[in-house]
Amino acid sequence: MANLDLEQLYQSMGISKKVYNFGMAVEKKLQQRFDKIKETTTYNQLKVLKAMQDNQVSEACFAATTGYGYNDLGRDKLEDVYASVFHTEAALVRPQITCGTHALALALAANTRPGDEILSPVGKPYDTLEEVIGIRPSKGSLAEYGITYAQVDLLADGGFDYDKIKSAINERTRLVTIQRSKGYQTRPTLSVERIGELISFIKKIKPDVICMVDNCYGEFVETKEPSDVGADMVVGSLIKNPGGGLAPIGGYIAGKQDFIEMCAYRLTSPGLGKEVGATLGINGSLYQGLFLSPTVVESALKGAIFAANIYERLGFSVVPNGTESRHDIIQAVTFGTAEGVIAFCEGIQAAAPVDSHVVPEPWAMPGYDADVIMAAGAFVSGSSIELSADGPMKEPYAVYFQGGLTYEHARYGILRTLQQLVDKKIIEL
Ligand SMILES: *Cc1c(COP(=O)(O)O)cnc(C)c1O
């Protein structure tokens, strides 16, 4: 029988019968949930396809450019496609944007001037942005250029502190930064709808303030994006959701023409802007990755839901929980101990198609204030749309798990983490 063979194959790949059965019992109950996600995938797949058709993407777009990269048709058209997908006036999508942090730093620096203030109304931003802004003193930070920062934390129940936000907005407030995803925190991720409510509130107080959304890990999780609900700029990484696992590098900023232009002048040079920047032959991967992204995000979401339900059933605190609606692909599981976080990451690493034989260890990482353990056996180095997990070695000892180019791989990875925790006697089934 085919099922028996599958069980045997799992066993030969380190998954005991007990772990397999536990996992399959959990998965059985998730079918309805998975069907619902498929509806979002269908919508987003068509949205991306339509953007490519409307912009007449052609084979010539995949040709390589070198040197200055003048007249890079594929690059320019890809930016039009991103603008169509995000329903914005313009976009900047470049391999010269090295990562998500760089894209965010670019959007912030390009659109603020000395004396301006940046406000985060949703609490502390992602760790690496602390040094960009200068929350933690750092060479070249915005603080060094006389740009100040204000922050209003979320309320204890995760709600917006509207009174404090209102009083934090002043004549110097130039840009409001809103992080969609929880990042390395256990607060809930913001839905696009809630981001829309927050932006409306802010624009009523100060219509000309720039609302920027850190969209990392959020793309294609819902049918709407923050740019559909008033965001002036949405920013993200191509080695997360929108690169679909195929983009080898890059970041994007989509938004209003004026702000995107500023980003282009900052990225390359005043006077040059978008006109330069060779793409060295990677355009095909950027297009194809975007095309695959909605289905890849679906796989990652299903994996996250599977993990949430497994670890919730074992009594661990999981954010989001097993049943609540999803607004990004990250799953947090709080183990409460370093051993739990480490075992989980060992399991993810052991499940990888690349470097499955290496054992991850906690390490100091640039931009992070605590040692971090990262598991990533990825085709694209550091890609976190591929099955990956990371956890900072600090309270509350939570692991952040994301990705999976296919659901079948994500499922195996999660079973492997479970096996690791069982083998190390951290849990018992
Ligand atoms: C990943 C991430 C970033 C930074 O992106 P890198 O590509 O790692 O530099 C910023 N914000 C959030 C919410 C992220 O998830």
Side-chain angles (χ1 to χ4, degrees), residues 92-109 118 120-133 135-136 138 140-142 151 154 176-192 194-195 212-221 225-226 231 233-245 247-253 267 286 289 297 300-301 304 319-320 326-332 363 365-369 372-376 378 380-392 398-403:
L92 188 67
V93 186
R94 301 286 169 126
Q96 286 82 12
I97 301 176
T98 56
C99 61
T101 303
H102 186 192
L104 289 157
L106 178 61
L108 291 171
I118 293 169
S120 171
V122 296
K124 191 183 88 63
Y126 193 74
D127 283 26
T128 58
L129 283 190
E130 290 184 15
E131 286 179 272
V132 170
I133 293 168
I135 301 170
R136 274 189 286 139
S138 168
S141 71
L142 294 172
Q151 176 178 315
L154 293 171
V176 171
T177 177
I178 300 167
Q179 185 178 308
R180 179 173 176 180
S181 171
K182 65 181 105 29
Y184 280 148
Q185 290 171 66
T186 44
R187 69 140 161 109
T189 287
L190 303 176
S191 67
V192 171
R194 287 191 68 209
I195 290 171
M212 181 194 91
V213 174
D214 175 351
N215 208 22
C216 281
Y217 291 128
E219 299 92 351
F220 303 129
V221 172
E225 297 294 336
M233 281 189 285
V234 288
V235 184
S237 164
L238 300 196
I239 62 168
K240 294 181 179 173
N241 303 16
I249 190 170
Y252 79 90
I253 306 169
L267 175 65
L286 303 192
V297 168
L301 268 178
V319 179
R326 300 257 153 181
H327 309 290
D328 68 8
I329 63 166
I330 301 183
Q331 181 62 48
W363 211 257
M365 300 283 300
Y368 297 90
D369 66 353
V372 181
I373 182 166
M374 295 195 169
V380 172
S381 178
S383 166
S384 51
I385 186 61
E386 297 185 51
L387 189 67
S388 50
D390 32 48
V399 75
Y400 298 82
F401 150 84
Q402 65 272 313

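Both counts, for ligands and for their atoms, begin at 1 and track the order of listing. Note: hydrogens, waters and symmetry copies are ignored here, and every other heavy atom, side chains too, is used.
A salt bridge does not link Glu219 with Lys240: none of the charged nitrogens is closer than 4.0 Å to a carboxylate oxygen.
Looking at every heavy atom in both residues, Ala304 comes nearest to Ile329 through CB-O, 3.8 Å.
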May I have a table of the N/O to N/O pairs between ligand 1 and the protein that fall below 3.5 Å, each row giving the two atom names and the distance to 0.1 Å?
from, atom 1, to, atom 2, distance (Å)
ligand 1, 5 (O), Thr101, N, 3.4
ligand 1, 5 (O), Lys240, NZ, 3.4
ligand 1, 7 (O), Gly100, N, 2.7
ligand 1, 9 (O), Gly100, N, 3.4
ligand 1, 9 (O), Thr101, N, 2.8
ligand 1, 9 (O), Thr101, OG1, 2.6
ligand 1, 11 (N), Asp214, OD2, 2.6
ligand 1, 15 (O), Lys240, NZ, 3.0

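For the side-chain contact (heavy atoms from CB on, under 4.5 Å) test, residues two or more places apart in sequence or in another chain that qualify with Pro248 are Ile282, Ser285, Leu286. Remark: Ala376 pairs with Ser388 by the side-chain contact (heavy atoms from CB on, under 4.5 Å) rule, at least two apart or across chains. Evaluation of the side-chain contact (heavy atoms from CB on, under 4.5 Å) rule for Val192 yields Arg180, Glu222, Lys224, Pro226, Val229 as partners, not counting sequence neighbours.
Panel note: side chain Glu386, backbone Gly403; no donor-acceptor pair is recorded below 3.5 Å.
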